[in-house]
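In what follows, chains carry the letters A, B, and so on, assigned in the order in which the sequence lines appear, proteins first and then strands, with residues in each chain numbered from 1.
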Number of protein chains: 2
Amino acid sequence: MESLAALPILSALAQESRLAIFRLLVKAGPDGKAAGDIARKLKTAASTMSAQLLVLANAGLVHARRDGRSIIYAVDFGKMSALLLFLTEDCCGGRAEICAPLASVANKCCPPAKGVRHEAPASSRRR
Amino acid sequence: MESLAALPILSALAQESRLAIFRLLVKAGPDGKAAGDIARKLKTAASTMSAQLLVLANAGLVHARRDGRSIIYAVDFGKMSALLLFLTEDCCGGRAEICAPLASVANKCCPPAKGVRHEAPASSRRR
DNA sequence: CTTATATTTCCATATTCTATGAAATATGGA
DNA sequence: TCCATATTTCATAGAATATGGAAATATAAG
């Protein structure tokens, strides 16, 4: 990811209501959540929610699919992962000060197999 | 770090000129760089640079120290690390989709020592 | 003390962002 | 078809941000 590509993603997350939406969608997981449900949960007008979701979608952080009358939004974890990689590697140059704490979290979640495998088993645990 | 604490950091980075400043300062390392040097390098007015640096400093991403007539700004890697931890753990719930790619980068940078468990060192555990 | 340099503070301006009601569009059901 | 529901699009008002010139402040040097 390039610096310019990271900007809309950072901007999308750099706002209270949108960060809240994003976190809600992370919790919802791959099944996602309908726009109206999110709006009710966060107590915002439908049109406002629509605009916020559009920003998140344009950044690529979430994607939408229609289901009947509802439109379901779900997080694109790949995009989020790419942002974290960009911030860690390209932006911070993989400095030890940054990486060391991350390594502990990442390894706790995905213990490296011998010979270092980087792919996550599809069924890895989640909270 | 809490969601609210992450916001000013994300906002600070979510802007083209400030992200450029930040990356320049990452490259400069712990020694930092004088405000004027940054302004010249990025071709912006001194007053504009001052305002941008203030945003970064208020977010805690950089800190300033005076050296003679110059004011030297340097990145606070701890803060950046905290942001990445927040995004990975608290925000994304340490999902495998997010962690797996990070683990590979982090381990490349800070290889887990041989014969050592992959538990996080107590000093960096949270929650 | 005076002058030059480095940076910040203050201020004005232009731009962008956020939020919302109202109207438009899409879908499903009676 | 007609109506209700779900969401988006549009218009717009108000807030926040970005930028840079001018003046103020701090430091250094002669």
Side-chain angles (χ1 to χ4, degrees), chain A residues 3-25 28 31-76, chain B residues 3-25 28 31-76:
Chain A
S3 191
L4 266 175
L7 273 171
I9 307 184
L10 286 168
S11 302
L13 292 177
Q15 207 256 348
E16 194 166 357
S17 13
R18 281 194 302 261
L19 184 57
I21 296 170
F22 181 78
R23 298 187 71 178
L24 198 64
L25 286 178
D31 288 349
K33 211 169 177 55
D37 290 345
I38 307 173
R40 269 183 295 279
K41 184 95 170 190
L42 299 183
K43 302 193 202 328
T44 49
S47 56
T48 302
M49 182 52 62
S50 185
Q52 304 282 38
L53 287 169
L54 186 63
V55 173
L56 288 166
N58 283 339
L61 274 172
V62 306
H63 50 82
R65 67 174 192 277
R66 179 174 281 277
D67 175 28
R69 274 175 287 198
S70 295
I71 296 191
I72 311 290
Y73 286 86
V75 168
D76 182 330
Chain B
S3 192
L4 267 174
L7 273 170
I9 308 183
L10 285 167
S11 302
L13 292 177
Q15 207 257 348
E16 194 166 357
S17 12
R18 281 193 304 260
L19 184 56
I21 296 169
F22 181 77
R23 298 186 70 178
L24 199 64
L25 286 178
D31 288 348
K33 210 168 176 56
D37 290 345
I38 308 174
R40 270 183 296 279
K41 185 95 170 189
L42 300 183
K43 303 194 201 328
T44 49
S47 56
T48 302
M49 182 54 61
S50 185
Q52 305 283 40
L53 287 169
L54 185 63
V55 174
L56 288 167
N58 283 339
L61 275 172
V62 305
H63 50 83
R65 68 174 191 277
R66 178 174 282 277
D67 174 30
R69 271 175 289 197
S70 295
I71 297 193
I72 311 289
Y73 286 85
V75 169
D76 182 330

| In whole angstroms, how far is the C1' atom of C/dT16 from the CZ atom of A/R18? | 12 Å

| remark: Distance col, row B/T44:OG1 vs B/I21:CD1, nearest 0.5 angstrom, shows 6.5 Å

| said: On DNA chain C, does the nearest nucleotide to A/A51 precede the nearest nucleotide to B/S50 from the 5' side, or the other way round? Give the residue. | reply: B/S50

| request: Would you name the heavy atoms of B/A12 and B/L56 that are closest together and state the gap between them? | output: CB-CD2, 3.9 Å

| task | Mind running side-chain contact (heavy atoms from CB on, under 4.5 Å) on B/L4 and A/E16 for me, showing each step along the way? | result | CA-CA 8 Å; B/L4 267 174; A/E16 194 166 357; 4.0 Å; yes

| note | In DNA chain C, consecutive runs of at least three Watson-Crick or G-U pairs below 3.5 Å, as range with range, amount to C:1-30 with D:1-30

| note | Note: chain B reaches DNA chain D at heavy-atom distances under 4.0 Å over the stretch, first to last nt, 5' to 3', of D/dA18 to D/dA28

List, one per line, each side-chain donor-acceptor pair under 3.5 Å for residues 59-67 of chain A, sequence neighbours excluded.
from  : atom 1 : to    : atom 2 : distance (Å)
A/R65 : NH2    : A/D31 : O      : 3.1
A/R66 : NH1    : A/G68 : O      : 3.1

| CG of A/L7 versus C1' of C/dT16: gap in Å, rounded? | 15 Å

| task | Would you jot down, in residue-number order, the residues of residues 31-48 of chain A having a non-hydrogen atom under 4.0 Å from DNA chain D? | result | A/A34, A/A35, A/G36, A/A46, A/S47

| Does anything in residues 59-72 of chain A reach DNA chain D, meaning a heavy atom under 4.0 Å, and if so which residues? | A/R69, A/S70, A/I71

| remark: CZ of B/F22 to CD1 of B/I9, rounded to nearest 0.5 Å, is 9.5 Å

| task | Under the side-chain contact (heavy atoms from CB on, under 4.5 Å) rule, what do A/L19 and B/S3 come out as? Steps first, then yes or no, please. | result | CA-CA 8 Å; A/L19 184 57; B/S3 192; 3.4 Å; yes

Would you be so kind as to tabulate the donor-acceptor pairs closer than 3.5 Å made by side chains of residues 32-43 of chain B, with sequence neighbours excluded?
from  : atom 1 : to    : atom 2 : distance (Å)
B/D37 : OD1    : B/R40 : NH2    : 2.9

| Could you give the distance from CZ (B/R18) to CE (B/M49), rounded to the nearest 0.5 Å? | 11.0 Å

| query | Where do A/S17 and A/Q52 come nearest, in terms of heavy atoms and distance? | reply | OG-NE2, 3.2 Å

| task | Take atom CD1 of A/I21 and atom C1' of C/dT18, then tell me their distance rounded to the nearest Å. | result | 12 Å

| query | Atom CD1 in A/I72, atom CG in A/L25: separation rounded to 0.5 Å? | reply | 10.5 Å

